[in-house]
Amino acid sequence: MKATYIDYKDTKSFSSTVIRYLDQDTQLQPFISAQPTPEGFKHILENRKAPADRQVLADILNEQYARTNKPGSYSRVHANIELLRS
């Protein structure tokens, strides 16, 4: 089967800013951290940081699971929560 590609501009479904971003317009450079390429997405994924506070998250999860009163299951959950904390 032969593939047919439609340019984003031709769809008239995207804003001019999105089109300029996809075209890698140099005027947008100061506002973006990576180009829309496989290498750019790899860079984003390698450099992203989790915004969560693991200590607070672990404390809250421990508190919630401690209240479930399911015998035997909490010790394994607690161990995994402590791994998350570290």
Side-chain angles (χ1 to χ4, degrees):
M1 175 188 286
K2 185 177 178 180
T4 303
Y5 298 94
I6 301 171
D7 193 287
Y8 285 102
K9 292 176 207 159
D10 296 337
T11 67
K12 303 202 186 321
S13 297
F14 300 93
S15 70
S16 62
T17 305
V18 170
I19 299 298
R20 289 174 61 201
Y21 170 70
L22 294 172
D23 287 342
Q24 300 181 24
D25 186 326
T26 56
Q27 289 183 326
L28 295 179
Q29 199 67 28
F31 306 104
I32 58 173
S33 61
Q35 294 295 330
T37 61
E39 295 80 21
F41 293 122
K42 181 180 177 188
H43 171 76
I44 290 170
L45 292 173
E46 288 173 348
N47 293 300
R48 73 179 182 175
K49 300 195 180 1
D53 183 334
R54 288 176 178 255
Q55 301 303 316
V56 172
L57 178 60
D59 291 342
I60 291 170
L61 289 172
N62 272 323
E63 181 183 317
Q64 289 177 345
Y65 277 100
R67 285 187 263 149
T68 63
N69 296 323
K70 291 185 179 179
S73 66
Y74 179 68
S75 62
R76 290 190 319 225
V77 170
H78 179 72
N80 285 326
I81 292 171
E82 292 309 309
L83 285 173
L84 173 65
R85 182 188 305 275
S86 66

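Bear in mind the structure is a predicted one, so any value in this text is a computation, not a measurement.
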For [X] and [Y], which heavy atoms make the closest approach, and how far apart are they?
{"X": "I6", "Y": "T11", "result": "CG2-CG2, 3.8 Å"}
{"X": "S33", "Y": "H43", "result": "O-CD2, 3.9 Å"}
{"X": "A34", "Y": "G40", "result": "CB-O, 3.4 Å"}

Subject >> Within 6.0 angstrom of Y8 OH, more than 12 heavy atoms from elsewhere >> reply: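 Atom OH in Y8 is not packed in, count stays at 12 or less.
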Original post:
Within a reach of under 6.0 Å around CG of L45, are more than 12 heavy atoms found that belong to other residues, nucleotides or ligands?
Top reply: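 Above 12, so yes.
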With a 4.5 Å cut-off on side-chain heavy-atom distances among I, L, V, M, F, W and Y, is there a chain of contacts connecting [X] to [Y]?
{"X": "I60", "Y": "Y65", "value": "no"}
{"X": "Y21", "Y": "F14", "value": "yes"}
{"X": "V77", "Y": "L57", "value": "yes"}

Subject >> salt bridge (Lys or Arg N to Asp or Glu O under 4.0 Å) partners of R85, counting only residues at least two apart >> reply: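 By the salt bridge (Lys or Arg N to Asp or Glu O under 4.0 Å) rule, R85 matches D59, E82.
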Original post:
Mind checking what makes salt bridge (Lys or Arg N to Asp or Glu O under 4.0 Å) contact with E39, not counting sequence neighbours?
Top reply: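 Scan of E39 (salt bridge (Lys or Arg N to Asp or Glu O under 4.0 Å), adjacent residues dropped) gives none.
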Value rounded to 0.5 Å, distance of [atom1] in [X] from [atom2] in [Y]:
{"X": "R20", "Y": "I32", "atom1": "CZ", "atom2": "CD1", "answer": "10.5 Å"}
{"X": "I81", "Y": "R54", "atom1": "CD1", "atom2": "CZ", "answer": "13.0 Å"}
{"X": "L22", "Y": "T17", "atom1": "CG", "atom2": "OG1", "answer": "11.0 Å"}

**OP:** Verify, without hydrogens or angle tests, whether D23 (side chain) and D25 (backbone) share a donor-acceptor contact under 3.5 angstrom.
**Re:**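 No.
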Subject >> Polar side chain donor-acceptor pair, Q35 to Q29, under 3.5 angstrom >> reply: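 Yes.
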